[in-house]
Amino acid sequence: MAAALPDDPIIRVRDVTAGYGETAILEHVTFDVRRGEIFVILGGSGSGKSTLLKHMIGLEPTLAGSILIDGDDIVTAEGDLRQAILRRFGVMYQSGALFGSMTLAENVRLPLEEYTDLDDGEIALIARMKLAMVGLDAYTGHLPAEVSGGMQKRAAIARALALDPKIVFLDEPSAGLDPITSAELDALVRRLARGLGVTFVIVSHELPSIFAIADRVIMVDRARRGIVAEGDPRELCDSSPDPWVRRFFHREAEPLPA
Amino acid sequence: MATLAISETADGGRVLALAGRLDASTIRPLWDEGRRAVAAAQGARVVVDAAKVDYCDGAGVAMLIGLMQQGGPDRVEVANLAPAFAALLGQFDAERLARDLDPAPPRRPAVEETGLVAATIWADLKRLIVFTGETAAALAWAVRRPDRVRWKDVWMICERVGVDALPIVALISFLLGVILAFESAVPMRRFGAELFVADLIGIAMLRELGALMTAILLAGRSGAAFAAELGTMTVNQEVDALTTMGLDPVRFLVTPRIIAALLMTPLLTLFADLVGLLGGAVTMHAFSIPFVTYIREINGIVDFGDFMAGFVKSFVFAVLIAGIGCLRGLQARAGASSVGDSATSAVVSGIVLLVIVDGVFAVVYYLLGI
Ligand SMILES: Nc1ncnc2c1ncn2[C@@H]1O[C@H](COP(=O)(O)OP(=O)(O)OP(=O)(O)O)[C@@H](O)[C@H]1O
Ligand SMILES: [Mg+2]
């Protein structure tokens, strides 16, 4: 196996117009996500971050442009190829989207049962390990409705990691988590990214966590319908030419009119 | 690809030399072999040599932990794992993972189960009575303060309950009329009494079948829909949100639905009666009884009392079906399957109640000589 090149992109987004039906939310979006990096999508509430994510995982058809996941276009892929592309990534949705009638362990077991030939005890051990990674091994038998919102979110992360995918998409993983749990989650992400070369695409607002783990960020803006900044979070924070971007990083409200 | 080479040491222990890529697609045969080797070592030390492992993801780590659990952590040792993978392994506590920290509660003894079921039925009955009271109060309030009823909701629900149900009600009642007429006309003809089939259809449709079929369709369509709507709202805490805003969910959600059902069901029943009679007329026509004769025959046998007998029932059925649908929805607990349970139980208990109440009506009408 050849060693991965440091800037060999695993996801290429090319001139994509993202939106719903006829309505475009973001236009002419172009960026690369490199293999093994922690890539963060930033932006105001309602700016289209989840929308962009939904397009990258093939849930919504793009209005224009192409999205290559490890070389294959997820927009046009069909049948077996599409199935193979879907196997390359795990997703945690903003709302968690756990299956309500299954326990947390069963939620994590489901993809393992469907896609591996491991036996029952082995799958049970893996499911428990994934839940232990997010600190939930004492809640394996609980139903999603019986645990807190933050715990549901963590269980959803465990489910996204169940098959050890090469790419993991997380939509606001640390929203609703306390600072300690959120820091533990950062450590987990970093361990997987640095240790296994897993690529993370994370939608997040948590500035401390972004500074701690992000290799690169892009920033989207609803008003300007696209990417307004791209690069290292620290550099953007200190020296972005765009005042809006600097304000975002410094948590400043719109200056009041004199 | 991944391989496993097993060698025996002088003291009866084993060295398991792993090589290659450990992930969910490669570990299956290795895990079995490893398990057998650990068992064969019979208490002697086992060293898992991972020096040649060049990739080891969560599934690979699970296999290492599985082997460690099997032999006990002080007997099975993982050596030479690359630091990146060792960090993944290091985050787990093999002993803690061996235990199920959240086991399912043990089954209760049969006596306790029986008692619980009885208590559940009793609680359900009490809930039904309370709900009936709340609904009556909410309806009384609606009569006193009609300006406060959310009429926009009522009209929207009316459309779904009434207008949208017209095709299916028409289809079922028409078929009912046709079949009823046909099945009775064939034997009646042997006595030359086909004409009296008109009497049968007239009385059966107006007194009984029109109202009952409409109510059953209402239970299947709208009862289930109410339960699913309110169930989803309950699960999403929308009902809690109403309550904390100081808005009574019964007044806010149940009243418009019951009013809509009360307005629409009698009209649907009337419609079903007419279409059913029409179906009968079509069959009779095939048995060469002209339309005019059919109408005159029905006119002679059926009186206004017969019509009212069915029509009055339809109001009661409407309240029953809409009420039970809403109640089951509000009783939903959590999760998608509980919404499904609510809808099922709304239809089942709705139809059971229909049959009971219809029986009560039959007895009362008989005693009153209607
Ligand atoms: N299913 C949908 N159909 C049509 N428009 C939608 C849909 N989902 C979102 N939108 C619109 O797309 C825009 C972006 O929404 P999106 O959910 O991507 O925001 P976001 O950046 O993820 O915000 P947040 O941080 O609050 O989650 C919003 O203006 C929203 O109204
Ligand atoms: Mg979002």
Side-chain angles (χ1 to χ4, degrees), chain A residues 1 3 36 87 90 95 97-105 108 111-112 115-119 121-147 149 158 161-166 184 187-188 190-198, chain B residues 1 20-32 35 54-70 81-94 96-105 232 235-237 332-341:
Chain A
M1 207 178 83
R87 284 285 307 277
S95 59
L98 292 170
F99 304 115
S101 57
M102 300 182 181
T103 63
L104 301 190
V108 180
L112 290 161
Y115 288 117
T116 68
D117 54 2
L118 300 173
D119 74 26
E122 293 162 357
I123 288 179
L125 175 61
I126 298 180
R128 208 175 298 156
M129 278 170 53
K130 300 295 173 193
L131 285 166
M133 279 162 86
V134 293
L136 287 177
D137 51 346
Y139 294 90
T140 47
H142 281 60
L143 290 173
E146 297 166 348
V147 300
L161 297 175
L163 290 169
D164 293 297
K166 279 200 269 188
E184 278 167 4
L188 172 69
R190 207 171 18 210
R191 203 157 49 226
L192 291 173
R194 303 297 177 250
L196 286 181
V198 177
Chain B
M1 265 327 291
R21 188 184 163 82
L22 302 182
D23 64 23
S25 62
T26 61
I27 60 171
R28 184 75 263 257
L30 305 189
W31 199 333
D32 280 342
R35 223 190 319 254
D54 45 42
Y55 180 83
C56 175
D57 69 6
V61 169
M63 179 179 85
L64 299 177
I65 288 180
L67 295 176
M68 279 158 71
Q69 283 175 353
Q70 189 195 346
L81 190 61
F85 310 135
L88 292 181
L89 180 62
Q91 67 184 321
F92 298 109
D93 175 348
R96 185 178 155 95
L97 281 173
R99 278 175 289 139
D100 187 354
L101 296 174
D102 188 22
T232 311
V235 170
N236 291 342
Q237 292 196 306
R333 290 235 285 285
S337 63
S338 103
V339 176
D341 292 344

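In the text below, chain A, chain B and the rest are named by the order of the sequence lines, each starting its count at 1. Remember, it's a predicted structure, so these values are computed and weren't measured experimentally. Hydrogens, waters and symmetry mates are skipped; everything else that's a heavy atom, side chains included, is used.
A donor-acceptor pair is defined here as one N or O able to donate and one able to accept, closer than 3.5 Å; no such pair exists between the side chain of B/D23 and the backbone of B/D57. Judged by distance alone, with hydrogens and angles left aside, the side-chain atoms of B/Q69 form no donor-acceptor pair with the main-chain N or O of B/G66 at under 3.5 Å. Within the 3.5 Å criterion, the main-chain N or O of B/R35 finds a donor-acceptor partner in the side chain of B/Q70.
Taking the ring pair (Phe, Tyr, Trp, His ring centres under 6.0 Å) definition, one finds that A/Y139 meets it with A/H142, sequence neighbours left out. With sequence neighbours excluded, no residue satisfies salt bridge (Lys or Arg N to Asp or Glu O under 4.0 Å) with B/D341.
Contacts of B/A104 with chain A are absent, with no heavy-atom separation under 4.5 Å from either backbone or side chain. Heavy atoms of A/L125 lying under 4.5 Å from chain B belong exclusively to its side chain. For chain A, no part of B/A86 is nearby; none of its heavy atoms comes within less than 4.5 Å. Residue A/T140 touches chain B through both its backbone and its side chain, counting heavy-atom pairs closer than 4.5 Å. For A/L161, no part sits under 4.5 Å from any heavy atom of chain B, backbone or side chain. Proximity to chain A (any heavy atom under 4.5 Å) is restricted, for B/R99, to the backbone atoms N, CA, C and O.
Ranked by heavy-atom pairs under 4.5 Å with chain B, the first of A/S101, A/A138, A/A145 is A/A138. When A/D137, A/L131, A/L104, A/L163 are compared by the number of non-hydrogen pairs under 4.5 Å with chain B, A/D137 comes out ahead. Between chain A and the options B/A59, B/S337, B/A84, B/G58, heavy-atom pairs under 4.5 Å are most frequent for B/G58. Of the listed residues (A/T116, A/I126, A/L196, A/L118), the greatest number of heavy-atom pairs within a distance under 4.5 Å of chain B belongs to A/L196. Across A/A187, A/G195, A/G100, the residue that shares the most heavy-atom pairs under 4.5 angstrom with chain B is A/G195. Ranked by non-hydrogen atom pairs under 4.5 Å with chain A, the options B/D54, B/I65, B/V235, B/D102 are led by B/D102. Per-residue counts of heavy-atom pairs under 4.5 Å with chain B were compared for A/R194, A/K130, A/E146, A/M133; the largest is that of A/M133.
Side-chain atoms of A/E122 and B/I27, non-hydrogen and from C-beta on, never get closer than 4.5 Å to each other. No side-chain heavy atom of A/V198 sits under 4.5 Å from any side-chain heavy atom of A/P165. Counting only heavy atoms from C-beta outward, the side chains of B/D32 and B/R28 approach each other to under 4.5 Å.
Interatomic distance, CE of B/M1 versus CG of B/L22, reported as 10.5 Å (0.5 Å rounding).
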